[in-house]
Student: 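One structure, as structure tokens, below. Some questions next.
Note that the numbering runs from 1 along the sequence shown for the chain. Indexing begins at 1, ligand by ligand and atom by atom, following the structure's order.
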Amino acid sequence: MTEHAKLVYNGNSIDLPLVEGSEGEMAIDITKLRSETGLVTLDYGFANTGSCLSEITFMDGEKGILRYRGIPVEQLAEHSTFKETSYLLINGCLPSQEELTEFSVLLNDHSLVHEDMQIFYANYPRQSHPMGILSSMVNALRSFYPALQITEEEINMTVTRLLSKIRTMAAMSYKFSRGHKVVYPRPDLSYCANFLNMMFDTPVKPYEIDEDVVQALNVFWILHADHEQNCSTSAVRIVGSGRVNLYAAISAGIAALWGPLHGGANQAVIEMLMDIHASGGDLKTMVKRAKDPNDPFRLMGFGHRVYKTYDPRAKIMKAMCDKILKKLKIVDPLLDLAKRLEEIALSDAYFVDRNLYPNIDFYSGIVLRAIGIPTNMFTVMFAIGRLPGWIAQWKESIDDPRWKLSRPRQIYTGPKQTDYVPIKKRDARKN
Ligand code: CMC
């Protein structure tokens with residue numbers, strides 16, 4: 001097999017080394033391209049650019065494969081918990097019983113949020129989007145808790161604080177938005193049950209923990225836990241590359257996730273389905289609009305940069321919709337609409353030719369609605385799920401001796417050098 005790719009340009013050529021991943025993926029290493037040729041590459045949206053070597057998550061977009069540390073996501077969704085999967089992603093292997101217990105104790109020990117932080121929550125306008133609040137509050141953690149991150153112990157402390165407090169902070173923002181009293185974390189509850197209890201327990205109506213709902217949340221968060229170099233993870237790595245503290249890098253990841261083309265799609269899908277429902281179920285118009293190149297509207301929850309087949313997470317999520325709605329005896333008209341929309345799109349040449357299938361966000365909102373999560377918190381739920389992935393990717397980058405400041409190049413297309421003209425002369429020219 002050749003070990004180089006040859007680039008021929010303007011009568012010159014250069015051999016560029018090939019790099020092979022453990023699943024046979026090949027890349028051209030262009031590290032020396034500019035220093036040896038003066039050339040840079042141009043790749044909008046980094047669609048063909050690998051930014052790092054990574055041992056965390058493997059995706060095959062053509063075959064619909066997703067594995068964390070080698071383990072298929074289907075197996076994790078069936079057998080693992082979100083806490084165990086978080087440990088796997090961050091530490092590289094599944095924990096022993098002793099390690100898992102130790103991890104749980106640490107998470108419990110750090111689940112409280114400094115009381116002074118409540119002042120911020122109390123003063124956000126009630127209509128604030130919870131993603132904006134979460135991003136700024138995670139950044140604010142740096143002011144309340146040290147972000148020492150030199151020794152392994154210090155890093156573990158910051159990581160544990162983030163993993164544990166993010167649930168408390170997300171639930172707090174919900175309670176404040178409702179004008180309700182904050183519910184504190186309980187050490188006797190599991191990670192997911194604790195979150196649900198902090199969200200929904202009230203002095204008037206104690207929250208009854210339903211193991212099927214807890215399981216649904218575990219699966220939801222496991223499916224979101226990592227997705228290699230997506231937009232928000234790249235934001236965490238890029239911002240982190242400036243050597244900021246971990247809280248700031250995660251806060252940037254949350255901000256990136258908020259967008260409707262990324263994590264914000266789960267909220268956008270439900271809003272789209274609600275619009276269709278309100279308009280009497282007119283699916284054909286939506287599909288027509290999505291196909292119109294002159295209409296910016298897109299079918300939310302459809303398409304993916306990497307998956308060119310059915311998103312494996314969407315398959316699990318779709319089955320979860322049926323299961324949880326049946327268990328909770330909920331009839332959600334949006335599920336029926338979503339299934340019909342999928343059917344129409346998947347038999348339409350536009351979507352077939354472009355390999356546009358439902359992604360994780362297409363069905364996830366229906367699960368979240370069923371367990372009582374308000375629509376504007378859907379992306380916060382995604383963020384909590386993605387946190388272990390962001391942390392694992394950040395940890396991997398700080399441990400990598402090749403870790404460099406992220407600083408892409410550009411191709412300048414503006415004016416050539418031009419002289420400064422004083423304002424009087426500029427005005428005179430105009431008149
Ligand atoms: N509805 C209609 N057309 C679409 C859609 C869609 N949802 N997605 C892609 N296309 C078309 C697009 O117009 C283009 O058509 P043409 O070749 O005629 O110009 C073609 O498919 C390729 O699209 P692209 O924008 O070049 O592909 P991309 O890889 O840059 O976009 C995407 C990926 C996820 C941004 C896009 O599919 C999209 O906007 N989907 C809707 C938003 C969404 O569901 N996002 C969640 C993604 S999964 C969660 C996560 O990991 O973030």
Student: Could you say whether the N/O atoms of R305 and ligand 1 ever approach to under 3.5 Å?
Tutor: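 Indeed, backbone or side chain, R305 has an N or O that close.
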Student: Can you classify the ring geometry of H227 versus Y307 as parallel (below 30°), tilted (30 to 60°) or perpendicular (above 60°)?
Tutor: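 Correct class here is tilted.
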Student: State whether the shortest distance between N or O atoms of G301 and N or O atoms of ligand 1 falls below 3.5 angstrom.
Tutor: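 It does: an N or O of G301 is found under 3.5 Å from an N or O of ligand 1.
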Student: Which residue holds the protein heavy atom closest to atom 17 (O) of ligand 1, what is that atom called, and what is the gap in Å?
Tutor: R354 NE, 3.7 Å
Student: Starting from atom 24 (P) of ligand 1, find the nearest protein heavy-atom neighbour and note its residue, name and distance.
Tutor: R298 NH2, 4.0 Å
Student: Say whether Q393 and D226, considering side chains only, have a donor N or O and an acceptor N or O under 3.5 Å apart.
Tutor: yes
Student: Who's the nearest protein heavy-atom neighbour of atom 49 (C) of ligand 1, and how far?
Tutor: D361 OD2, 3.1 Å
Student: We want to know whether Q229 and T233 form a side-chain donor-acceptor pair, criterion being a heavy-atom distance below 3.5 angstrom.
Tutor: no
Student: With a 4.0 Å cut-off on heavy atoms, does N230 reach ligand 1?
Tutor: no
Student: Verify whether one side chain among Y363 and E342 offers a donor that lies under 3.5 Å from an acceptor in the other.
Tutor: yes
Student: Centroid-to-centroid, Y357 to F302, below 6.0 Å?
Tutor: no
Student: Return the option from H227, M300, H262 holding the heavy atom at the smallest distance from atom 42 (C) of ligand 1.
Tutor: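 Checking each option, the heavy atom nearest atom 42 (C) of ligand 1 is found in M300.
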Student: Looking at atom 22 (C) of ligand 1, is any protein heavy atom nearer than 4.0 Å to it?
Tutor: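 No; the ligand atom in question lacks any protein heavy-atom contact below 4.0 Å.
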Student: Mind checking whether W258 and H129 have parallel, tilted or perpendicular rings, split at 30° and 60°?
Tutor: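 Correct class here is tilted.
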Student: Aromatic rings F200 and Y207: how do their planes relate, parallel, tilted or perpendicular, breaks at 30° and 60°?
Tutor: tilted
Student: Nearest to atom 1 (N) of ligand 1, what protein heavy atom do you find, and at what distance?
Tutor: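 It is L299 N, 3.1 Å.
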Student: With sequence neighbours excluded, tell me which residues meet side chain to side chain contact (heavy atoms under 4.5 Å, CB included) with L112.
Tutor: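 Here the qualifying residues are Y184, P185.
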Student: Where is the nearest protein heavy atom to atom 9 (C) of ligand 1: which residue, which atom, and how far?
Tutor: L356 CD2, 3.5 Å
Student: Any chance the side chains of S164 and N108 put a donor and an acceptor closer than 3.5 Å?
Tutor: no
Student: What protein heavy atom sits nearest atom 34 (C) of ligand 1, and how far away is it?
Tutor: G303 O, 3.8 Å
Student: So is there a nitrogen or oxygen of L261 less than 3.5 Å from a nitrogen or oxygen in ligand 1?
Tutor: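 Yes; the residue has a nitrogen or oxygen that sits under 3.5 Å from a nitrogen or oxygen of the ligand.
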Student: Using the ring of each side chain (for Trp, its six-membered ring), is F176 parallel, tilted or perpendicular to Y121, with breaks at 30° and 60°?
Tutor: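 Answer is parallel, since the angle falls under 30°.
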Student: Near A265, which atoms of ligand 1 are under 4.0 Å from a heavy atom of that residue?
Tutor: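 That gives atoms 43 (C), 44 (O), 45 (N), 46 (C) of ligand 1.
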Student: Strictly inside 4.0 angstrom of atom 19 (O) of ligand 1, do you find any protein heavy atom?
Tutor: no
Student: Short check: is a protein heavy atom less than 4.0 Å from atom 40 (N) of ligand 1?
Tutor: yes
Student: So, does Y350 sit close enough to ligand 1 that a heavy atom of it is under 4.0 Å from the ligand?
Tutor: yes
Student: Please write down residue, atom name and distance for the protein heavy atom closest to atom 51 (O) of ligand 1.
Tutor: H304 NE2, 3.7 Å
Student: Looking only at heavy atoms of A290, does any of them come nearer than 4.0 Å to an atom of ligand 1?
Tutor: yes
Student: What distance do I373 atom CD1 and Y174 atom OH have between them, rounded to the nearest 0.5 Å?
Tutor: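 One finds 8.0 Å between CD1 of I373 and OH of Y174.
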